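Okay, structure first, notes after.
Keep in mind that this is a model prediction, so the values were computed, not measured.
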Amino acid sequence: MASYDLIIKNGTIVTADSTEKGDIAVKDGKIMEVSFGKPLEATADKEINAEGLHVFPGVIDSHVHFNEPGRTEWEGLETGSRSLAAGGATSFFDMPLNSTPPTINKANLEMKRALAEEKSIVNPYYWGGLVPENIANLRELHENGVIGFKAFMSPSGIDDFHNVDDETIYKGMREIASLGSLLAVHAESTVMCEQLAEERIGQGKVTARDYVESRPVISEIEAVRRILSYAELTGCKLHIVHASSRKVVEVINDAKQRGVDITVETCPHYLSLTVKDLEEQGVIAKCAPPLRDQEEVDELWTAVANGEIDTIGSDHSPAPASMKVISDNIFDGWGGISGAQSMLNILLTEGHFKRNVPLEKIVELTSKNPAKIFGLKTKGTIAADYDADLTLVNLNESFELKKEDLFYRHQHSPYIGRTFKGKVKTTIVGGDVVFENGQPIQRGR
């Protein structure tokens, strides 16, 4: 009789292709066997009875800002990864800005990697930055394992992470294409957004609605169209992050039809929050691109259902409470939403239960597609020889998110007070339980 480290019995196993009851056997961090329809005949050092629970591949959150080193007081790898584990995520891709120094060369990457290996309880991966001054460093970043590169077409808000001009876009994309990597882009028009903001502020128009109207959907579309022209010229693979509107997604899908190698991400806040939330909660719900109206939210869900969106990432972008103070001028506050811990809850509640989005589609967007797009060959599904990164969820359990439930360094989020259906019970990374009974657990303990 076979012997394993862990057997998960009687769970309903969800992949991008099916939902079926079965057992999972794990040894040395890998899934060794999945049995559907009949119990596994084996022994194990540990057994989890998942009766009544759904077993998902661990969420791969491809868009977080953990800010370490240098701005750990905003968020750190320890608190950020604990929050992810509580939300069912088993891997994350940390963005290159917000850290000081930013991840724009090999030395800075190695500094971040050493801290992540020490502090993170889930699998860390890293974006490299593309800024005007580091094109010569792109190769060394790629050779040392960055998942891809990230650029801002408009100011990032971080002094030591500069946005790209057109010359940098061209030279950077040509180099990235030669490396066989990809470029992720924050796509908003600097000219449009800065001029519209200047006009409104000059007129004393500083409400939530004014902020939203200063960063219109057309500013995203303009930037996407411009970066697409460089993608067609250089052959560089593109990934557009945090699209806030289906209108943006449609431009990207038109490019796909022309043969451009491009993918698109949206975020949970664009699928669940509106301008009304920004008006009510102020800077806590401020982000860029900004929240849109309910019609845009509904249209994005249509895009999800139609397979027009490739990935969903949290864009967890935390800051201390002192930077999120509600004031009469919404332009003054730091933009960024704390949401990594709630991503799966939002997709289940707003998507599966409210809009009948299949569980398989949620797995596709949060596990299968991120693994495929970013080359994580042993992640993204539940099958033999894949990593044992798993999340056990009680889909019948509802809960109200409270401030004290959050494991962020700063316990604020626009989702506090919301009721979600589908509660994460256990999170497993490489065969180790890292979240159970409402608490994160250090790996190996």
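Looking at Asp387 and Lys30, a side-chain N of the basic residue comes within less than 4.0 Å of a carboxylate O on the acidic one, giving a salt bridge. With respect to Asp5 and Lys46, no salt bridge is recorded, no charged nitrogen being found less than 4.0 Å from a carboxylate O. The pair Lys119-Glu68 meets the salt-bridge criterion, since a charged nitrogen lies less than 4.0 angstrom from a carboxylate oxygen. Between Asp310 and Lys256 there is a salt bridge, with a side-chain nitrogen of the basic residue lying less than 4.0 Å from a carboxylate oxygen of the acidic one. A salt bridge is defined here as a Lys NZ or Arg NE, NH1 or NH2 lying under 4.0 Å from an Asp or Glu carboxylate O, and Asp293 with Lys276 fails to meet this definition. Salt-bridge annotation for Lys425 and Glu436: absent, with no side-chain N of the basic residue lying under 4.0 Å from a carboxylate O of the acidic one. Using a 4.0 Å cut-off between charged side-chain N and carboxylate O, Lys247 and Glu296 make a salt bridge. Looking at Lys150 and Asp94, no side-chain N of the basic residue comes within less than 4.0 Å of a carboxylate O on the acidic one, giving no salt bridge. Between Lys27 and Glu33, no side-chain nitrogen of the basic residue sits less than 4.0 Å from a carboxylate oxygen of the acidic one, so the salt-bridge criterion is not met. Looking at Glu364 and Lys361, a side-chain N of the basic residue comes within less than 4.0 Å of a carboxylate O on the acidic one, giving a salt bridge.
Separating the CG atom in Leu141 from the CG atom in Leu130 is a distance of 10.0 Å, to the nearest 0.5 Å. Once rounded to the nearest 0.5 Å, the distance linking CD of Glu397 with CG of Leu53 reads 9.5 Å. The distance from the SG atom of Cys287 to the CH2 atom of Trp334 is 12.5 Å, given to the nearest 0.5 Å. Ser81 contributes atom OG, which lies 12.5 Å from atom CZ of Phe435 (distance to the nearest 0.5 angstrom). Here the straight-line distance linking atom NE2 of His65 with atom CD1 of Ile337 works out to 11.5 Å at 0.5 Å rounding. To the nearest 0.5 Å, atom OG of residue Ser35 and atom CD1 of residue Ile24 are 10.5 Å apart.
Considering all non-hydrogen atoms of both residues, Asp277 and Ser272 come closest at OD2-O, 4.4 Å. Nearest heavy atom pair, residue Val59 against residue Thr391, reads N-OG1, 4.4 Å. For the residue pair Leu300 and Arg246, the shortest heavy atom distance occurs at CD2-N, 3.8 Å. Scanning all heavy atoms of the two residues, the minimum distance from Val297 to Thr274 falls at CG2-CG2, 3.9 Å. Across Leu347 and Ile362, no two heavy atoms sit closer than the pair O-CD1, 3.5 Å. Contact record, Ala184 with Val241: CB-CG1, 4.0 Å, taken as the closest heavy-atom pair.
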Notebook entry, point to check: What do the steps show when you test Lys379 against Ser367 for side-chain hydrogen bond (donor to acceptor under 3.5 Å, both in side chains), and what is the final call?
Noted result: CA-CA 8 Å; Lys379 298 188 183 297; Ser367 299; over 6 Å; no

Next item on the list: Report the C-alpha distance between Lys21 and Glu51 in whole Å, list the side-chain angles of each, state the deciding distance to 0.1 Å, and finish with yes or no for salt bridge (Lys or Arg N to Asp or Glu O under 4.0 Å).
Entry: CA-CA 9 Å; Lys21 195 161 185 176; Glu51 185 71 46; 2.7 Å; yes

Margin query: Go through it in stages, so that I can follow the logic: the residues are Lys423 and Val393, the test is side-chain contact (heavy atoms from CB on, under 4.5 Å), and I'd like the CA-CA distance, side-chain angles, deciding distance and then a yes or no.
Written below: CA-CA 5 Å; Lys423 188 165 188 179; Val393 181; 5.7 Å; no

Item checked: Working for side-chain hydrogen bond (donor to acceptor under 3.5 Å, both in side chains), residues Asn105 and Asn134 -> CA-CA 7 Å; Asn105 57 46; Asn134 86 323; over 6 Å; no

Notebook entry, point to check: Would Asp23 and Lys38 satisfy salt bridge (Lys or Arg N to Asp or Glu O under 4.0 Å), going step by step from the backbone distance to the final call?
Noted result: CA-CA 8 Å; Asp23 297 350; Lys38 62 178 182 178; over 6 Å; no

Item checked: side-chain contact (heavy atoms from CB on, under 4.5 Å) between Phe93 and Asp61, worked out -> CA-CA 6 Å; Phe93 302 173; Asp61 192 339; over 6 Å; no

Next item on the list: For the pair Arg355 and Glu350, evaluate salt bridge (Lys or Arg N to Asp or Glu O under 4.0 Å) and give the outcome as yes or no after the intermediate values.
Entry: CA-CA 7 Å; Arg355 295 175 172 87; Glu350 292 290 325; 3.0 Å; yes

Notebook entry, point to check: After noting the C-alpha distance and the side-chain angles of Thr12 and Glu20, does the key distance pass the side-chain hydrogen bond (donor to acceptor under 3.5 Å, both in side chains) rule?
Noted result: CA-CA 5 Å; Thr12 300; Glu20 189 175 353; over 6 Å; no

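In this structure, Lys286 satisfies the cation-pi test against Tyr211, with its NZ or CZ atom closer than 6.0 Å to the six-membered ring centre and inside 45 degrees of the ring normal.
In this structure, Lys106 places its NZ atom where only 12 or fewer heavy-atom neighbours from other residues, nucleotides or ligands lie under 6.0 Å away. Sparse packing is recorded around OH of Tyr386, with 12 or fewer heavy atoms of other residues, nucleotides or ligands lying under 6.0 Å away. Within 6.0 Å of the CD atom in Glu295, the count of heavy atoms belonging to other residues, nucleotides or ligands does not exceed 12. Within 6.0 Å of NZ in Lys372 there are 12 or fewer heavy atoms belonging to other residues, nucleotides or ligands.
Under the 6.0 Å cut-off for aromatic ring centres, Tyr270 and Trp301 do not qualify, their centroids lying 6.0 Å or more apart. Taking the centre of each ring, His316 and Phe92 stay at or above the 6.0 Å mark.
Side-chain contact between Val248 and Val264 is absent, with no heavy atoms from C-beta onward closer than 4.5 Å. The shortest distance between side-chain heavy atoms of His63 and Trp127 does not fall below 4.5 Å. No side-chain heavy atom of Trp74 sits less than 4.5 Å from a side-chain heavy atom of Tyr408. Side-chain atoms of Pro318 and Ser338, non-hydrogen and from C-beta on, do get closer than 4.5 Å to each other. In this structure the side chain of Ser214 never reaches within 4.5 angstrom of the side chain of Arg209, judged on heavy atoms. In this structure the side chain of His239 never reaches within 4.5 angstrom of the side chain of Ile262, judged on heavy atoms. Side-chain contact between Asp45 and Tyr4: absent, with no pair of heavy atoms (C-beta onward) separated by less than 4.5 Å. Residues Leu376 and Tyr125 are in side-chain contact: their nearest non-hydrogen atoms beyond the backbone lie under 4.5 Å apart.
Side chain to side chain, Gln294 and Asp298 meet the donor-acceptor criterion of an N or O pair below 3.5 Å. Using modelled atom types, one finds no donor on one side chain facing an acceptor on the other under 3.5 Å when comparing Asn253 with Glu250. No donor-acceptor contact under 3.5 angstrom links the side chains of Arg292 and Ser245, judged on distance only. With no hydrogens or angles considered, no side-chain donor-acceptor pair links Asn345 and Ser342 at under 3.5 Å. No side-chain donor-acceptor contact under 3.5 Å links Ser120 and Glu78.
Ring planes of His186 and Phe152: parallel class, angle under 30° (limits at 30 and 60°). Using the six-membered ring where Trp is involved, His412 and His410 have ring planes that are parallel, under 30° apart on the 30 and 60° scheme.
Take Ala231 and apply the side-chain contact (heavy atoms from CB on, under 4.5 Å) test, not counting sequence neighbours, and it matches Met173, Leu238, Val260.
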